[in-house]
Amino acid sequence: MDLSTMNKEQLEAIKTTEGPLLIMAGAGSGKTRVLTHRVAYLLDEKQVPSYNILAITFTNKAAREMRDRVDKIIAEDASKMWISTFHAMCVRILRRDISYLGYDTSFSILDPLDQQSVVKDILKTRNLDTKQHNPRSILSVISNYKNQLIKPEQAIAEAGGFQDELYSEIYKDYQEILYRNSSLDFDDLIMLTIELFHKEPNVLNYYQTRFQYVHVDEYQDTNHAQYQLVQMIAAKYRNICVVGDSDQSIYKFRGADIQNILNFEEDYPEAKVIKLEENYRSTKTILDAANAVIDNNTERKPKNLRSNKGDGVKIEVNVSFSEREEGHRVVEKVQQLSEDYSYGDMAVLYRANAQSRAVEDAFVKSSIPYKMVGGTKFYSRMEIKDLMSYLKVIQNPFDDISFQRIINVPKRGIGTKTIDKLRAHAEQLNSSIYDAIRDADFLGIPAKTVAKLMTLLGVLDNLKEKSKYMTMTDLVDEVLADTGYHDMLSSDKTLEARSRLENLEEFKTVTKEFDNEYPIADDNLFNFLSEMALVSDQDGMDDTAGVTMMTMHASKGLEFKVIFIIGLEEGIFPSRRVQFDDQELEEERRLMYVALTRAMDQLILSRAESRMLYGKTESNMVSRFLSEIPEELLESSGSVSRMGENSANTGTSFSRGPKKRARVINTNKGTKFNVGDKVSHKAFGEGIISQVKGEGDNEELDIVFKTAGPKRLLANYAPLEKKD
DNA sequence: GACCTAGAGCTTTTT
DNA sequence: GCTCTAGGTC
């Protein structure tokens, strides 16, 4: 193993294997490198069996990357080492032993939409209005309880005030429903693992003994429950290595407690603390800007991040008239920079997903390849959710939440009345809808409907059998065929239905991947569903070359040669909601810090004088974060003028400087598009127009592409050709 | 029970 | 602008 390229602090961090260790790793200081080399050092030099090592990350991507890198550094077999996310780790632990807590080992994992429908059901039963009691805020209250390891009984006992009392009661209902459904939400995974450890000391002891070396990445993002979990596992050997940067703590809203990292030295008085302050990523200009911004935060430990590189170029600041012009300018700059950089070297960051639209439009118009992280969520599409619900019910028949989703999809003539009766009966039995159906005869449900229910049960039981000896891909085909779902879509001739079918096809690439990895086994469906529950859209297949678009949150841990940050306006970033809360404002500033430090070579910052959001036009002042960057690091380009809206058809270029060149973007002026027309697009290939909206320059076409799926394009600008 | 329409609400970030 | 819900009609 070669450690010759490490600096003094990095080396120390790698070689300090015994006892508690806190690595304060500034942005771009080679944190991941240190962590992977440390693990490799344990395996290779210290001859620690891989079986005794645990490394916890927050994202699947980080976990995967770490394993890949470790495998590359050393020859030892590291396969017995656990490198996983908090949630995946807990699923693994609970899967073995959750029966101690009375749950079924074939539990389902709820996604946020499922959670919402549970809360809505509770509100309905309690005759409460969803307008007065927002399900999302109730869920966040529940999530907070769980992150704080507060059980419903305790929440109720300690509640003060009407709303507290009500919400803690709802929390209780919620947990009972989940229990009845053998379902866990994300927070349960952590909370119940801790409960299991408390209840069954031998289980805890097993993991404590096994994991002699514990690593936690992004420690500043841990919430209280995760913190507790780590403490429990590491208590026996106290070889705990945590890595983090308090300046990059941006997940307070989901319970992250920055105190966990700040108090590490109190938790472990014998702890060694190593600071990594040498930045290998960014130019001095970028770092100076980032340091200047973060320096405005009062609640932080001072840190001195040094650049290893030269000054580099100045930071470009663009002011546009509208958000559309802002998008155009990003694209122009991308085109200009594409002479020196590949598209994959560039990323556009924004505060909220809603901001991506204008930029996306501009990319589409100019046929520049891009990929969006997050945003349009593949897994929350209706047809994918339906399919997943079928699979979940097959795996876990007690999963009423999923069952209710599919009981009448496709339409089987099973309506709300029948479902209500079944639900009431299920509650009486303290069981599930699935079980209640067996008594359907006695519930005053019409015989015809009973027959339909029985048919459905038969189909599901049959599929359960099939799941034991089929590949996931085959099983998905069987589900779609046996339940009539495929027929429902194929008999519907609308383009929407066609695109849904295509999405289901697309889904099979995921199952095929799974099938390649795992041989057929009777618990494959469980494993597949667990894996699916824990992947986010972000883990997706993003190997294709293109400019990356994502939220600043999603950018944490990544780096790009060129970073665009758009929407630097008060009210957008920092968000309107936090403008008067100092603590939250500091969190936003840390987000700015994260965004700035993603850049290696160049930063391009922009804002718009007015922007349309949610159908309303608003004007915002310049973001304080932009003002906090020292003037001498900046270079303003482009004055405020009315350009952008029509520039494409005149061929005007926004870019200034030597590389300026006129570029005529496709224009379809004069072409009349109608619904049903077949077209071909430069980048997306063939498609059919499903809708035409607007007029003139604003005419929009909804097109369903054969391979690229549905898109909305501007008729006059998209590189489209009408066919036959 | 299925389908349609109008209206209202909501838009921060996510494993 | 988009999504979900409620209410009405067939």
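Naming convention: chains lettered A, B, ... in sequence-line order (proteins, then strands); numbering from 1 in each chain. Source: prediction; values computed, not measured.
- Taking the six-membered ring for Trp, F528(A) and F526(A) have ring centres at least 6.0 Å apart.
- The aromatic rings of Y207(A) and F211(A) lie parallel to each other, with less than 30° between the two planes, well short of the 60° mark.
- Picking from dT14(B), dT15(B), dC3(B) the nucleotide with the shortest atom distance to the side chain of Y251(A) gives dT14(B).
- For Y350(A) and F564(A), the distance between ring centers is not under 6.0 angstrom.
- Counting to the nearest Å, the P atom of dT13(B) and the CE atom of M552(A) are 11 Å from each other.
- Side-chain proximity of R254(A) to the nucleotides dC3(B), dT14(B), dT12(B) is greatest for dT14(B).
- Mapping G413(A) and T85(A) onto DNA chain B via the closest heavy atom, the residue that lands nearer the 5' end is G413(A).
- The listed nucleotides are dT15(B), dT5(C), dG1(C); the one nearest the side chain of R357(A) is dG1(C).
- Within the structure, every side-chain polar atom (N or O) of N60(A) is placed at least 4.0 Å from both OP1 and OP2 of dT15(B).
- Taking atom CG on D187(A) and atom C1' on dT14(B), their separation rounds to 11 Å, with Å as the unit.
- In this structure a side-chain-to-backbone donor-acceptor pair under 3.5 Å is missing from D400(A) to F403(A).
- If you check every strand for non-hydrogen atoms under 4.0 Å, K556(A) touches nothing.
- Put simply, T418(A) has a side-chain N or O that comes within less than 4.0 Å of OP1 or OP2 on dG1(B).
- Side-chain atoms of N60(A) come within 3.5 Å of backbone N or O of L534(A) as a donor-acceptor pair.
- Mapping T449(A) and S575(A) onto DNA chain B by nearest heavy atom places T449(A) at the nucleotide closer to the 5' end.
- Of the possible polar contacts, none joining the S182(A) side chain to the S108(A) backbone as a donor-acceptor pair under 3.5 Å is found.
- The side-chain hydrogen bond (donor to acceptor under 3.5 Å, both in side chains) check on Q115(A) picks up Y174(A), D185(A), with sequence neighbours excluded.
- Rounded to whole Å, the distance from CG on L349(A) to C1' on dT12(B) is 15 Å.
- Taking atom CZ of R64(A) as the reference point, atom C1' of dT15(B) lies 14 Å away to the nearest angstrom.
- In this structure, the nucleotide among dT14(B), dT5(C), dT12(B) sitting nearest to the side chain of K120(A) is dT5(C).
- In this structure, the CZ atom of R412(A) is 15 Å from the P atom of dG1(B), given to the nearest Å.
- No salt bridge links R607(A) with E570(A); every basic N to acidic carboxylate O contact stays at or beyond 4.0 Å.
- The residue N408(A) sits close only to the backbone: its heavy atoms come under 4.0 Å of sugar-phosphate atoms, none of a base.
- An aromatic stacking contact between F58(A) and the base of dT15(B) is absent, as defined here by ring centres under 5.5 Å apart and ring planes under 30° from parallel.
- N223(A) has its CG atom 12 Å from the C1' atom of dT14(B), to the nearest Å.
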Check the interface with nucleotides 5-11 of chain B: list each N/O to N/O pair with the protein under 3.5 Å, or write none.
residue : atom : partner : partner atom : Å
dT11(B) : OP1  : R136(A) : NH1          : 3.4
dT11(B) : OP2  : R136(A) : NH1          : 2.8

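- Distance CD (Q583(A)) to P (dT13(B)): 21 Å, rounded to an integer number of Å.
- By the 5.5 Å and 30° criteria, F253(A) is stacked with the base of dT13(B).
- Between the side chain of R351(A) and the base of dT13(B), at least one donor-acceptor pair of N or O atoms lies under 3.5 Å.
- For H553(A), the side-chain atoms get nearest to dT13(B) when compared with the rest of dT13(B), dT15(B), dC3(B).
- Taking atom P on both nucleotides, dC4(C) is separated from dT13(B) by 16 Å, rounded to a whole Å.
- If you measure from atom CD of Q226(A) to atom C1' of dT15(B), you get 8 Å, rounded to the nearest angstrom.
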